[in-house]
There are 2 protein chains.
Amino acid sequence: MRILLVEDDRELIASLKKPLKEAGYVVDVAEDGIEGEYLGNEDIYDLAILDLGLPKRNGLEVLSNWRKADNKLPVIVLTARDTWQERVDGFKSGADDYLGKPFHVEELLARITALLHRSIQSPGKSLISGDLILDEDRQIVTTEDGQTHTLTSTEFRLLRYFLLNTDTILSKSRLTDHLYNFDSDKDSNVIEAYIKRLRKILGKERIETRRGQGYIFKESW
Amino acid sequence: MRILLVEDDRELIASLKKPLKEAGYVVDVAEDGIEGEYLGNEDIYDLAILDLGLPKRNGLEVLSNWRKADNKLPVIVLTARDTWQERVDGFKSGADDYLGKPFHVEELLARITALLHRSIQSPGKSLISGDLILDEDRQIVTTEDGQTHTLTSTEFRLLRYFLLNTDTILSKSRLTDHLYNFDSDKDSNVIEAYIKRLRKILGKERIETRRGQGYIFKESW
DNA sequence: GGTGAAGCTGAAATGAAGCTGAAAAAAGGA
DNA sequence: TCCTTTTTTCAGCTTCATTTCAGCTTCACC
C-alpha cells in the first residue's frame with residue numbers, strides 16, 4: 001500500500017513516517033498543496049492524508065480539485081481547528097474521513113485501515129477472503145485449516161495488497177510500485193521469490209500466474 | 001492496439017516502452033515532429049502520445065495539422081510545463097487528454113485505457129459484444145454458454161481488437177500491425193494460428209474469413 | 001473440373017518467463 | 001560488535017505461450 005502524506009509540518013511528518021512504515025505502508029510526502037494535488041492524481045496511491053493548512057494551495061482546494069477531476073482517492077483530512085464548520089466543509093469537498101489535531105497515531109492508523117477496507121468490503125478488523133484471515137495489527141494470517149503463520153514485513157505487505165485487490169491481474173511492476181520505494185531495481189525476481197513464499201503458506205492454487213502479465217489472487221477458487 | 005509515441009527524450013521513451021508493452025500495446029516511436037506527423041497519418045494507430053517540445057516541428061503544430069487533415073486519432077499530450085495556459089492551448093489544438101511531466105506511468109496507462117474506451121464505445125470494465133463478455137481486469141472471456149476461458153496475452157489482445165472493431169474487415173497485415181512491431185515476419189501464419197485458437201474458444205461462426213481480404217468479427221450472428 | 005493460391009490444422013520446436021533452493025547480502029536486535 | 005532474521009540475488013531448471021512447419025482443405029478463377 002502506498003500512502004500520500006500532504007503535510008508541511010516537518011515534525012509531524014517525522015513522527016508519522018515511522019509508524020506508517022511499521023504498519024507496512026510506503027509513504028511519499030508532499031510539503032505543499034500544489035505538489036500534493038499533483039501527486040494525488042498519480043493513480044498509484046491507495047490513500048492520502050491531507051492537511052488543510054498548507055502553503056501554496058489550501059488543502060480543501062486540493063481535495064475539491066481531485067474530486068472535480070473524478071479522482072476517487074480515499075482521503076483523510078487533518079485539521080488544526082476541529083470545528084463543526086470545518087468538518088462540514090471537509091466532507092462537502094469530498095473527504096472520506098476527518099481527524100482533528102492533535103491526534104494519536106493509533107487513531108490515524110485505525111482510520112487508515114478502516115478506509116482502505118471500506119471500498120472493498122464491509123468494515124471489520126481483519127481482511128478476509130474466502131477462508132483466509134489476515135490480522136493486520138499482528139501481521140498474522142490464518143489459513144483454511146486453522147493454522148496461523150506470522151508474516152515477515154514484506155510477506156505481509158504483499159498479501160495485504162493482494163487481498164485488497166483480488167480477482168485482478170497485478171503486474172510485477174505494479175506490485176513493486178506498491179511494495180517498494182521508487183528507487184527499487186526493476187529486473188530482480190524479488191516478487192517471484194515472495195510469491196513462492198506466499199504460496200507455501202497459502203497453498204499454490206490461491207495465486208494464479210498469468211504468464212507475461214502478472215498474478216491474480218483469487219477470492220474464491 | 002498500436003500506439004504512436006512522439007517523443008525525443010530517449011530516457012523517457014525507454015521508461016515508457018516496457019510498461020506500455022506489458023499493458024498489451026505495440027509502441028512505435030517518432031523522435032521528431034515531422035516524422036511524428038507523418039506516422040500519425042498512417043491510419044494504423046489507435047492512439048498517439050505526443051510531446052509538445054519536439055525537434056523540427058512543434059507538437060502543437062503537429063496536432064493541429066492532423067486535425068486540419070481530418071485525422072481523428074486520439075491524442076494524449078505531454079508537456080513539461082503544465083500551466084493553465086498550455087492546457088487550454090492543447091485542448092484548443094485538438095488534444096483528447098493532457099498530462100504534465102513528470103507523471104507516473106500508471107496514470108498514463110489509465111488515461112490511455114479511458115481514452116481508448118471513450119473514443120470507441122461507452123466506458124466499462126468489460127467489453128461486451130452480443131453474449132460475449134471480455135473481462136479486462138482478469139483477461140477472461142465469458143461465452144454464450146456461460147463458460148469462462150482464461151486468455152493468453154496475445155489471445156487477449158487479438159480478441160480485444162476484434163471487439164473494438166466488430167463488423168469490419170480486418171486484414172491480416174492490419175492485425176499483425178496491431179499485435180506486433182514492424183520488423184515482424186510478414187509471411188508467417190501466426191494470425192491464422194491465433195484465429196484458430198479464438199474460434200475454438202468462441203465458436204467458428206463468430207469470426208468469418210474473407211478470403212484474400214481478412215477477417216470479420218461479427219457483433220451478432 | 002483443374003489449378004494454384006489462401007487458409008486451416010495438429011503437432012512439434014523454440015525461447016522467454018517463471019520457479020526453485022541455496023547462498024549472499026542487508027537489516028535489525030542483543 | 002556479533003548473531004539472528006529477513007531480504008535479495010543467483011544459476012540452473014521447468015513450463016508453457018508463441019511460432020513454425022508440413023501437409024491438408026477450400027475457394028476463386030479459368
Side-chain angles (χ1 to χ4, degrees), chain A residues 18-19 21-24 26 139-141 149-159 161 169-176 178-181 183-217, chain B residues 17-19 21-24 26 139-141 149-161 169-176 178-181 183-217:
Chain A
K18 197 185 162 198
K21 212 180 141 192
E22 273 174 2
V26 178
Q139 312 204 341
I140 284 175
V141 67
H149 306 256
T150 27
L151 302 173
T152 69
S153 164
T154 312
E155 287 165 359
F156 168 71
R157 286 179 295 153
L158 181 58
L159 178 56
Y161 193 65
I169 296 184
L170 300 173
S171 70
K172 267 185 274 192
S173 59
R174 181 163 167 197
L175 293 173
T176 313
H178 282 267
L179 292 189
Y180 298 98
N181 283 306
D183 55 344
S184 63
D185 183 9
K186 285 293 171 186
D187 47 68
S188 90
N189 69 338
V190 221
I191 298 293
E192 282 164 32
Y194 273 98
I195 290 283
K196 195 205 159 191
R197 290 152 143 277
L198 280 190
R199 280 178 173 155
K200 195 172 180 183
I201 297 169
L202 310 174
K204 293 228 174 199
E205 317 78 22
R206 202 84 204 212
I207 302 171
E208 191 182 308
T209 303
R210 287 298 176 79
R211 195 166 251 251
Q213 305 170 114
Y215 298 93
I216 294 188
F217 191 96
Chain B
K17 266 197 157 176
K18 195 185 166 199
K21 213 178 138 194
E22 269 177 2
V26 178
Q139 306 203 169
I140 281 176
V141 68
H149 304 257
T150 54
L151 302 173
T152 69
S153 177
T154 311
E155 286 165 0
F156 172 74
R157 285 181 297 156
L158 182 58
L159 178 55
R160 182 176 55 181
Y161 193 62
I169 297 184
L170 299 173
S171 69
K172 263 187 279 191
S173 62
R174 183 162 168 197
L175 294 173
T176 314
H178 280 269
L179 292 184
Y180 302 98
N181 283 305
D183 56 344
S184 63
D185 185 7
K186 285 295 171 185
D187 48 70
S188 93
N189 68 338
V190 220
I191 297 294
E192 283 162 31
Y194 272 98
I195 291 285
K196 194 206 159 192
R197 289 152 142 276
L198 280 190
R199 279 178 173 155
K200 194 172 179 182
I201 296 169
L202 310 173
K204 292 229 176 202
E205 316 77 22
R206 202 86 204 211
I207 302 171
E208 192 182 309
T209 304
R210 286 295 173 82
R211 193 165 249 255
Q213 301 175 81
Y215 299 93
I216 295 187
F217 191 95

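Each chain gets a letter, A, B and so on, in the order its sequence line appears, and its residues count up from 1. Side chains included, hydrogens not; waters and symmetry mates left out as well; all remaining heavy atoms used.
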Pair B:V190-B:T154, side-chain contact (heavy atoms from CB on, under 4.5 Å): steps then yes or no: CA-CA 10 Å; B:V190 220; B:T154 311; over 6 Å; no
Interatomic distance, [X] atom [atom1] to [Y] atom [atom2] [nearest 0.5 angstrom]:
X      : Y      : atom1 : atom2 : result
B:I195 : B:R206 : CD1   : CZ    : 13.5 Å
B:Y194 : B:I207 : OH    : CD1   : 13.5 Å
A:T176 : A:L170 : OG1   : CG    : 11.0 Å

side-chain hydrogen bond (donor to acceptor under 3.5 Å, both in side chains) against [X], all qualifying residues, sequence neighbours excluded:
X      : answer
B:S171 : B:S173
A:R211 : none
A:Y215 : none

Sugar-phosphate or base contact per nucleotide [nucleotides 11-22 of chain C; S, B, -; heavy atom under 4.0 Å]: -----BBSBBB-
Using OP1 and OP2 only, check whether a side-chain N or O of [X] sits under 4.0 Å from [N].
X      : N      : value
B:S153 : D:dA17 : no
B:Y180 : D:dT19 : yes
B:T152 : D:dT18 : yes
B:S188 : D:dT20 : yes

Stepwise side-chain hydrogen bond (donor to acceptor under 3.5 Å, both in side chains) check, A:R174 with A:Y161: CA-CA 10 Å; A:R174 181 163 167 197; A:Y161 193 65; 3.1 Å; yes
Please report the distance, rounded to the nearest Å, between [atom1] in [X] and [atom2] in [N].
X      : N      : atom1 : atom2 : value
B:L151 : D:dA17 : CG    : C1'   : 13 Å
A:E155 : C:dA27 : CD    : P     : 18 Å
B:R157 : D:dT18 : CZ    : C1'   : 11 Å
A:L198 : D:dT7  : CG    : C1'   : 14 Å
B:Y194 : D:dT20 : OH    : P     : 11 Å
B:K200 : D:dT18 : NZ    : C1'   : 15 Å
A:L175 : D:dT8  : CG    : P     : 14 Å
A:F156 : D:dT6  : CZ    : P     : 15 Å

For A:R199, salt bridge (charged side-chain N to carboxylate O under 4.0 Å, His left out) partners two or more places apart: none
Degree of bending, the helix from C:dG1-D:dC30 to C:dA30-D:dT1 (end axes from five pairs; round to 10°): 40°
